[in-house]
Amino acid sequence: MVRIELTRPVEVRAHRFAGTVAMAEPRQELVAVLKAITELGGEIEAEDLVGYLVPEAFRAAAGRLLVIALAHGLVQRAEHGLRLTEAGELARDLHQVMVPRDGTWQVWLAADPLVPCPLVHLEAVHPADAFKELEATGGKGRPKSIDRADVPAELRSCLDLDVTTLAGKKRTVRICDAGASTTPQPLQAEIRVEWMIDSSGTHRVQLTGSLPAHGQRGSLRIDEDLTEPQVEFESVLDALLDQAGVAAFWDSQAGVLRCDVEGLDAASIQSMRRSVAVRRLNLDRLGLGVFQSVSVPDIPLGADSPDAAQRWATRRLLAGIQEHQTASRFEHSLKSAAAPFEEFDPTLPSREVLLTALAPRPDESGPRSARTPTAWRLQAPADFRI
């Protein structure tokens with residue numbers, strides 16, 4: 001299995017703005033209203049809640065709860081009363097309500113193609129006042145400053161999205177209004193994105209690091225699994241091989257990099273694998289940005305010709321002789337050395353031919369111990385005819 005591991009630092013920017021942010025809160029009284037609307041047929045008036053959800057003595061409370069639900073966008077006016085919106089159905093199912101608050105906020109935005117939403121953290125800089133729930137008329141809410149040039153594009157892209165922050169105590173937040181402008185804040189963040197993808201199609205994307213916390217000592221840790229990108233392993237591998245200059249030698253049908261044995265190190269000759277590295281891997285074509293210094297081990301290798309297969313298998317045979325080669329053991333060594341080159345059906349030398357090739361030259365003198373260890377592992381069993 002080939003595994004490609006990619007990592008890079010993530011640029012994080014902090015901005016401060018005066019605006020409206022909704023945060024998830026367990027508003028049990030509103031969740032009860034939303035459930036009651038469902039149970040009462042999906043469309044109600046305030047009077048329908050009296051005696052069902054609130055006692056007769058608290059008739060006014062029923063109307064107040066519906067006005068608050070209307071202000072938060074949980075219900076909308078219909079032909080015969082009020083019915084749930086999509087936000088109301090979600091709040092009913094999750095048992096939490098997005099409550100808008102006015103205040104001054106600081107938001108941390110991460111710019112990286114592997115981070116699905118730029119918003120990684122948000123905090124109130126000054127105490128945020130709860131939105132005056134009864135002041136909204138007809139649930140229309142406030143005008144939003146979504147097209148102001150002074151609001152960063154990354155922040156505008158987060159408006160009206162329910163996002164779970166990634167640092168510290170995770171909360172679901174929604175930026176309803178980012179105001180007319182933002183103020184950049186100094187920041188020293190150390191965040192990295194790590195992406196692993198292998199030939200089985202398994203992905204894992206992680207965002208790790210820390211953010212300086214506003215008004216707190218220390219920092220906020222981030223260790224979060226992100227959504228995997230919709231990209232095939234083969235596409236990433238093709239880009240790597242192309243930028244490493246070896247794409248022309250890749251046999252996609254066999255899944256091997258075709259090459260000659262010459263120039264390979266001993267480990268690659270035996271394992272039939274090698275590393276492929278690039279100083280800069282550009283995946284912009286896949287919408288995934290650029291990674292620096294990428295090295296992928298264990299790329300499968302294959303011979304590029306019958307001659308290369310013959311020489312390669314012979315080298316594997318010699319290198320694999322680590323014990324005395326009886327006839328049966330030598331037969332096993334032959335099969336093992338030739339196995340990766342079955343398509344070329346190489347013919348390997350017999351034990352006797354190898355002994356002849358490894359024998360000292362006629363002009364060489366010296367004791368028989370001068371023979372190589374490989375030669376002795378062949379010669380001893382041959383002498384005893386075993």
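Hydrogens, waters and symmetry mates play no part in the numbers below; they use all other heavy atoms, side chains included.
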Exercise for the section: Report yes or no: do Ser200 and Thr202 form a side-chain donor-acceptor pair below 3.5 Å? Expected result: yes
Keeping the roles fixed (side chain from [X], backbone from [Y]), state whether a donor-acceptor pair exists under 3.5 Å.
{"X": "Gln96", "Y": "Asp93", "value": "no"}
{"X": "Thr85", "Y": "Leu74", "value": "yes"}
{"X": "Trp105", "Y": "Gly19", "value": "yes"}
{"X": "Gln185", "Y": "Ala14", "value": "no"}
{"X": "Thr165", "Y": "Lys170", "value": "no"}
{"X": "Thr172", "Y": "Thr164", "value": "no"}
{"X": "Arg171", "Y": "Met23", "value": "no"}
{"X": "Asp238", "Y": "Ser235", "value": "no"}
{"X": "Arg274", "Y": "Leu264", "value": "no"}

Problem - Minimum heavy-atom distance Val120-Ala110, with the two atoms named - result: CG1-CB, 3.8 Å
Handout entry: Short N-O contact, Arg192 and Glu194, less than 4.0 angstrom
Key = no
Exercise for the section: Among Ile, Leu, Val, Met, Phe, Trp and Tyr joined by side-chain contacts under 4.5 Å, find the other residues sharing a cluster with Leu90 and list them by chain and number. Expected result: Leu94
Heavy-atom count around [X] [atom1] within 6.0 Å, excluding the residue itself: above 12?
{"X": "Glu342", "atom1": "CD", "result": "no"}
{"X": "Arg377", "atom1": "CZ", "result": "yes"}
{"X": "Phe58", "atom1": "CZ", "result": "no"}

Distance-only donor-acceptor pairs under 3.5 Å for side chains of residues 328-338, two or more places apart:
unit_1	atom_1	unit_2	atom_2	d
Ser328	OG	Thr326	OG1	3.4
Arg329	NH1	His324	O	3.0
Ser333	OG	Gln325	OE1	2.8
Ser333	OG	Arg329	O	3.2

Contact check, side chains of [X] and [Y], non-hydrogen atoms, under 4.5 Å:
{"X": "Leu70", "Y": "Arg77", "result": "yes"}
{"X": "Leu6", "Y": "Arg8", "result": "no"}
{"X": "Leu354", "Y": "Leu318", "result": "yes"}
{"X": "Glu11", "Y": "Asp112", "result": "no"}
{"X": "Pro152", "Y": "His15", "result": "yes"}

Problem - Contacts of His203 that satisfy side chain to side chain donor-acceptor pair (under 3.5 Å) - sequence neighbours left out - result: Trp195
Problem - Arg258: side chain to side chain donor-acceptor pair (under 3.5 Å) partners, not counting sequence neighbours - result: Asp251, Glu343
Problem - Residue pairs fulfilling ring-ring contact (aromatic ring centres under 6.0 Å, His included) with at least one residue in residues 154-191, sequence neighbours excluded - result: none
Exercise for the section: Just grab all the side-chain hydrogen bond (donor to acceptor under 3.5 Å, both in side chains) pairs involving residues 290-316, residues at least two apart or on different chains. Expected result: Asp260-Arg311, Glu262-Arg311, Asp307-Arg311
ILVMFWY cluster, [X] and [Y] together (side-chain gap under 4.5 Å):
{"X": "Tyr52", "Y": "Val54", "result": "yes"}
{"X": "Ile269", "Y": "Val256", "result": "no"}
{"X": "Val278", "Y": "Phe249", "result": "yes"}

Exercise for the section: Evaluate the criterion side-chain contact (heavy atoms from CB on, under 4.5 Å) for residue pair Lys169 and Leu220; output intermediate values, then yes/no. Expected result: CA-CA 9 Å; Lys169 182 181 179 181; Leu220 298 172; over 6 Å; no
